[in-house]
Amino acid sequence: MPRIAYVDGAYLPHADAAIHIEDRGNQFADAVYEVWAVRAGGLLDLPGHLKRLRRSLGELRIAVPMSDAALTLVLHEIVRCNRLRNGLIYLQISRGVAPRDHAFPTPAALPTVIITAKRTDLAAAEAKAARGIGVITLPDIRWGRRDIKTVSLLPNALAKQAAKEAGAGEAWMIDPDGTITEGSSSNAWIVTPDHVLVTRAASNSILNGITRLAVIDAASGEKLAFEERAFTRDEALAAKEAFVTSASAHVTSVVTIDGLKVGDGKPGPVAMGLRKAYLSAARQNSVALHHRAAGPLVARKAKRRIP
Ligand code: PDD
């Protein structure tokens, strides 16, 4: 069955879905995004991601293109028409299409909304979580507003590529003061030798992960001591455990840093316990879908004013 994408009101075969060449997301990375995990057909942490999406739009003064209720319907429709059980939903909203000019267009353009779906191989994802991943460290060369989830991801992409070339699964980025900010697409955590869970506090230096927030909740349920503070590579290397959180990795143990073992070099009980607790809470709260048969797909061209 063909993959279906959403572009500005139209549900289209993935291969035919396209946006205009003068979209500001394309020219200026003037766009924000969100990623939801789908498990058993339900969207995990739906309200948290919607809330952060609104915040990102507000920080960049991009108009909110549709209500949360309407967006929720569209997200569910994309899950349904792709018959997605386990996977990821990607949503991107740009400031819209306008002749290239750094300043915002006047009058304002209509924001461009695109949504795509991707399947996850659940067995492969679980096997990866059971093995854990290695991380490398490198300087954080990003801008000063990492709290906004923009598509300006070139430093992140370069960091992930460096990790891949080193045979690692993630790159942890280090600020000039020597503290780890976060991963290229995940938040960074450690468990100290005296059993305290530590992750960096939310600020402009990191993306405040929705999984991060849910794991903080899960940790309070498990009665784990918890501190929000920065930590260094040395502290992480001396930690009992380390792990990352994100919509796609959930909670995944870090077993090496720059090739050096963390703890005994295996996924630890705290990270594995939090992964289980997170997934069970997230699935319980996940927004259920109406399982109706997929109707005929009406493909139509997106209507948009091309300047
Ligand atoms: N990445 N930090 C960065 C830089 C990220 O890109 C992400 C998410 C996170 C974790 O956020 P959350 O828990 O809300 O997924 C932290 C997504 C998954 C991505 O870019 O694909």
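Being a predicted model, the structure only gives us computed values, none of them experimental. Because only heavy atoms are used, hydrogens play no part in the values below, and waters and symmetry mates are left out as well, while side chains stay in. Numbering of ligands and ligand atoms starts at 1, following listing order.
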A.B. asks: Below 4.0 angstrom, N of the basic side chain to O of the carboxylate: do Arg229 and Glu235 qualify?
C.D. replies: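 The answer is yes: the pair qualifies as a salt bridge.
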A.B. asks: Scan residues 139-168 for pairs that pass ring pair (Phe, Tyr, Trp, His ring centres under 6.0 Å), counting only residues two or more places apart or in two chains.
C.D. replies: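 Applying ring pair (Phe, Tyr, Trp, His ring centres under 6.0 Å) to every pair that reaches into residues 139-168, excluding sequence neighbours, yields nothing.
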A.B. asks: Could Arg146 and Asp175 be called an ion pair, given the rule that one side-chain N must be under 4.0 Å from one carboxylate O?
C.D. replies: yes
A.B. asks: Taking only residues at least two apart or on different chains, which pairs with a member in residues 32-41 satisfy side chain to side chain donor-acceptor pair (under 3.5 Å)?
C.D. replies: Tyr33-Lys149, Glu34-His49, Glu34-Arg52, Arg39-His250
A.B. asks: Pairs of nitrogen or oxygen atoms, one from ligand 1 and one from the protein, closer than 3.5 Å: please tabulate them with distances.
C.D. replies:
unit_1	atom_1	unit_2	atom_2	d
ligand 1	1 (N)	Lys149	NZ	3.4
ligand 1	1 (N)	Ser185	O	3.3
ligand 1	2 (N)	Glu182	OE1	2.6
ligand 1	13 (O)	Ile210	N	3.4
ligand 1	13 (O)	Thr211	N	3.0
ligand 1	13 (O)	Thr211	OG1	2.6
ligand 1	14 (O)	Arg52	NH1	2.9
ligand 1	14 (O)	Arg52	NH2	2.9
ligand 1	14 (O)	Ile210	N	2.8
ligand 1	15 (O)	Ala247	N	2.8
ligand 1	20 (O)	Tyr33	OH	2.8

A.B. asks: Could you list the cluster mates of Val196? Members are the ILVMFWY residues connected by side-chain heavy atoms closer than 4.5 Å, either directly or through other members.
C.D. replies: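 Besides Val196, the hydrophobic cluster comprises Ile133, Val135, Trp172, Ile174, Ile180, Ile190, Val198, Phe231, Leu237, Val244, Val254, Ile257, Leu260, Val262, listed by chain and residue number.
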A.B. asks: Below 4.0 angstrom, N of the basic side chain to O of the carboxylate: do Asp121 and Arg119 qualify?
C.D. replies: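 Answer for the salt bridge query: no.
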